[in-house]
Chemist: 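Provided herewith is a single structure, encoded as structure tokens, for subsequent inquiry.
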Amino acid sequence: MWKGGAFLQRFSPTAVMLICSSVSALRWLGTPFCTQLWCAIPLQSVHALTFGFFYPASLIWLKHEFDGSFFQARYVTESVARALTAAVSYLAAGWLIASLGYGAVFGVSCALALLCCLWWTRVLRR
């Protein structure tokens, strides 16, 4: 997030979120095949980069989509939604791991990232 200003200024927030979702899908696709530390470190670094760009891009997008007076309320709502989504995701991941193994979690995560790609592609086109 600290050094991402130039990247975030170069592309629209929607394009950044589409790029991050695409890279995230590839990372989730490759993660189950990574059994050594030499590949886990780059994959986790990619995760840090995609989050580091996606989160500020989402805030910039919110600010552009909603006027200034609504942005504050929307930001709080979005923050609560992220927290609730994380809580439900962790519970679901625990159930998936216990029932179907880790591969299922990686597959679902990849599918969700691909759905995000479709969503941000749609938003980008409008």
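Since we're looking at a predicted model, the values are computed, not measured.
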Chemist: Out of curiosity, Arg122 CZ to Thr14 OG1, how far, rounded to the nearest 0.5 Å?
Modeler: 12.5 Å
Chemist: Val123, Leu114: one ILVMFWY side-chain cluster at the under-4.5 Å cut-off?
Modeler: no
Chemist: Looking only at non-hydrogen atoms, find the nearest pair between Leu124 and Ser12 and report the distance.
Modeler: CD1-OG, 3.9 Å
Chemist: Atom CZ in Phe53, atom CD1 in Ile19: separation rounded to 0.5 Å?
Modeler: 9.5 Å
Chemist: Determine, step by step, whether Phe54 and Val16 satisfy the side-chain contact (heavy atoms from CB on, under 4.5 Å) criterion, reporting the C-alpha distance in whole Å, the side-chain angles of both residues, the deciding distance to 0.1 Å, and the verdict.
Modeler: CA-CA 7 Å; Phe54 188 93; Val16 171; 6.0 Å; no
Chemist: Looking at every heavy atom in both Cys117 and Thr121, which two are closest together, and how far apart are they?
Modeler: O-OG1, 2.7 Å
Chemist: Of all the heavy-atom pairs spanning Cys34 and Ala40, show the shortest one and how long it is.
Modeler: SG-N, 3.1 Å
Chemist: My understanding is that only residues two or more places apart in sequence, or in another chain, count here; which of them pass salt bridge (charged side-chain N to carboxylate O under 4.0 Å, His left out) with Arg82?
Modeler: Glu78
Chemist: Does some side-chain heavy atom of Leu112 sit less than 4.5 Å from a side-chain heavy atom of Val108?
Modeler: yes
Chemist: Walk me through it: do Trp120 and Trp61 pass the test side-chain contact (heavy atoms from CB on, under 4.5 Å)?
Modeler: CA-CA 11 Å; Trp120 291 116; Trp61 181 79; 3.9 Å; yes
Chemist: Using the rule that two of Ile, Leu, Val, Met, Phe, Trp, Tyr join whenever any of their side-chain heavy atoms come within less than 4.5 Å, decide whether Leu26 and Tyr102 are in one cluster.
Modeler: no
Chemist: Using every non-hydrogen atom in the two residues, find where Leu43 and Arg27 come nearest and quote the distance to one decimal.
Modeler: O-CD, 3.0 Å
Chemist: For residues Met17 and Ser58, report the shortest heavy-atom separation together with the two atoms involved.
Modeler: SD-CA, 3.6 Å
Chemist: Could you check whether the rings of Phe51 and Tyr55 sit parallel, tilted or perpendicular, using 30° and 60° as the cut-offs?
Modeler: parallel
Chemist: Look at the side-chain heavy atoms of Ile, Leu, Val, Met, Phe, Trp and Tyr, link any pair under 4.5 Å apart, and say whether Leu115 and Leu18 land in one connected group.
Modeler: no
Chemist: Check the hydrophobic clustering (I, L, V, M, F, W, Y; side-chain heavy atoms under 4.5 Å; chains of links allowed) and say if Phe11 and Val23 are grouped together.
Modeler: yes
Chemist: Any heavy-atom pair between the side chains of Leu8 and Pro13 that's under 4.5 Å?
Modeler: no
Chemist: Shortest non-hydrogen contact from Thr50 to Ser24?
Modeler: CG2-N, 4.3 Å
Chemist: Taking salt bridge (charged side-chain N to carboxylate O under 4.0 Å, His left out) as the definition, give me every residue that meets it alongside Arg126, ordered by chain and number, with sequence neighbours left out.
Modeler: Glu65
Chemist: Examine Leu118 and Trp28 and state if one hydrophobic cluster contains both, with Ile, Leu, Val, Met, Phe, Trp and Tyr joined whenever side-chain heavy atoms are less than 4.5 Å apart.
Modeler: yes
